[in-house]
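A note on names: the letters A, B, ... follow the listed sequences, proteins ahead of strands, and every chain is numbered from 1.
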Amino acid sequence: MAQVVLTGINKFYDGNVHAVKDVNLDIRDREFMVFVGPSGCGKTTTLRMIAGLEEISSGDIHIGPQRVNDLAPMDRDIAMVFQNYALYPHMSVFDNMAFGLKMRKFAKEEIRKRVQDASEILGIQQLLGRKPRQLSGGQRQRVALGRAIVRHPQVFLFDEPLSNLDAKLRVQMRVELKKLHQRLGTTAIYVTHDQVEAMTLGDRVVVMKDGVVQQVGEPLELYNAPATKFVAGFLGSPAMNFATVTVTERDGALRTVSEGLDIKVPSEAVERLRPHLGREVTLGIRPEDLDIASGADPQDFTFDALVEVVEKLGSEILLDLKVGRGAMVASVDPIVRVTFGDKLRMTLDPARLHFFDVQTEAAI
Amino acid sequence: MIEGAAWRRWIFFRIPLLLFILVLLFPFYWMVITTFRPDGELYRPWNARNYNPFWTWYPTLEHIRYLFAETQFATWLWNTMLIALASTAISLVCGVLAGYALARLNFPYAGSLGTGIFITYLVPQTLLFIPLSEIIRAYKLGDTPWSLILTYPTFLIPFCTWLMMGYFKAIPKELEECARIDGAARWQAMLYIVIPVAVPGILSAGIFAFTLSWNEFIYALVFLSSPAQKTVPVGVVSELIRGDVFFWGPLMAGALLGSIPVAIAYSFFVEHYVAGLTGSVKG
């Protein structure tokens, strides 16, 4: 059990590609921390630096009280689960799980006991004699997990461990991983490009883009108060709607105006938006915060839209809307009857509006 | 597979395949039939009335007996086996280590070094034997098995290195990384994980190296002179062709017996060998 602290971590490849830029993170003991971001955002590189598989160009990594920059992977007391499982193909499941313990010169009895315990936790006792090629994808994933568990390491590192599984199995393994972490309580660092995995698994989530940490926080904190436009657009499915609007003042009230939109700035946002008066900002609103207006909705928070596509998902209906020249997606109740070409009056939840600077993309 | 009517399968698949097999196997057939055919039939002119080149009704073991009784064929076999095994072993050890280094250790100029090693393989032996014979003479190795055991690796090591490099590159890097996180030092990860996984590749490199040194002719011809030191290819040719007289029966018997060990080696390892060439490692 240990906390992992990254201080000013940078990674350069071949001297000029700056893959990870000045990352500072404090991963708490027993925490399940998820790194998420699009491919090439530096999340895997960061993980591999923690593992010791990649040199650190500058900065410090501490695991527990110890600075590990110069420690070999084997001396960092970590276990890693790889995307392609990396099971040793010539060894049985038992030997795969026992390998790390054998290398560390554990007694035979202790090895047997630990492998037995881990295989019970994962429900793979009956597979111990098999070779990896005789296992299904889900079983291989369990063996890879088991190999990590038997070592009782200070930190688990996961590098997109579920992305080779089919969709159904992925959901199932996701739940099991979460349970496993709750049971073992070992600090875990998990890399994924899947925002659903990040939101469901993480105690906290790190969103990265182009080697830069965009925001660190609990899943709902990131969802409800994204620090940048990128975080806002990356988390949530369907993604947040964005519209470029101009901040104007009319009848003593701030309004955000564009072609097709004329929304009053809610009172709690007025102070933040006043410095931007007369300039363009990006307005963001999540699909579930849009709805079809009834007569009672105030004019200040409604707009006209044209239905272009209706996607009936069952639990919700997604409406692809044309608003002015832009497009928006709204998630509405499955009971409403809408068809292609309908002209609708839409309403939005003023408390759930987000504003971003057009240049810096930071939240206002 | 060929789809469609039966005649299409015959025209585009079966008949061409049959022709192919015929062409490939005919020399072997000729070798076998000549080995067991008595001299009287072998030297019968083509326009004789009972001339029948493809079959014999009077098979004989006389040529094989001659080979073992009147020549030093048994010694040649033993020499060839010893030299082929020793040079294969040397080449495999060097090739596996060099191939691993070129594939995995990112040292400067690894890529160009790999290409350089490959280019040395392309230098023809018919040129190399001239400087090599100088070296052999300088170290007084002429007419000893060492002259071949130490010179065969000049073309076997590049070959093994190149083949193993490709094979190691096909093994997922994560296997090793995982082993190193699991507590293995680099050499342990190589010994316990990479090499066992690479066994099919090592076997095919070994078989190839063995075959190449078993069949090698020019170095053996140049560096060995006394009959007792010769290898099978050289011995058969130099002792059974006297002037312009070809002793076809013993010659073919020698060729047949000489090709048997290689055939056994191939058939024994054929599955590994195919896996090694197609280079598939599944996790």
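- Only the side chain of A/Leu53 comes within less than 4.5 Å of a heavy atom in chain B; its backbone stays farther off.
- In summary, the side chains of B/Asp182 and A/Tyr88 do present a donor paired with an acceptor at a separation below 3.5 Å, with no hydrogens or angles considered.
- Residues of residues 146-158 of chain B never come within less than 4.5 angstrom of chain A, heavy atom to heavy atom.
- Both the backbone and the side chain of B/Glu177 come within less than 4.5 Å of a heavy atom in chain A.
- None of A/Val81, A/Ile78, A/Ile149 except one satisfies the side chain to side chain contact (heavy atoms under 4.5 Å, CB included) rule with A/Phe156; the exception is A/Ile149.
- Expressed to the nearest 0.5 Å, how far CG of A/Leu71 lies from CD1 of A/Ile61 amounts to 11.0 Å.
- When heavy atoms are compared at a cutoff of 4.5 Å, A/Ala72 does not approach chain B at all.
- Contact between A/Ala51 and A/Leu157 at its shortest, heavy atoms only, is CB-CD1, 3.5 Å.
- In the model, A/Asn10 has a side-chain atom that pairs as donor or acceptor with a side-chain atom of A/Ser58 under 3.5 Å.
- By the 4.5 Å heavy-atom criterion applied to side chains, A/Phe158 and A/Leu47 are not counted as neighbours.
- When side chains are defined from C-beta on, A/Asp203 counts as touching A/His181, because their heavy atoms get closer than 4.5 Å.
- Residue A/Arg76 does not touch chain B at all, counting heavy-atom pairs closer than 4.5 Å.
- Checked by atom type and distance alone, the side chain of A/Ser57 pairs as donor or acceptor with a backbone atom of A/Phe12 at under 3.5 Å.
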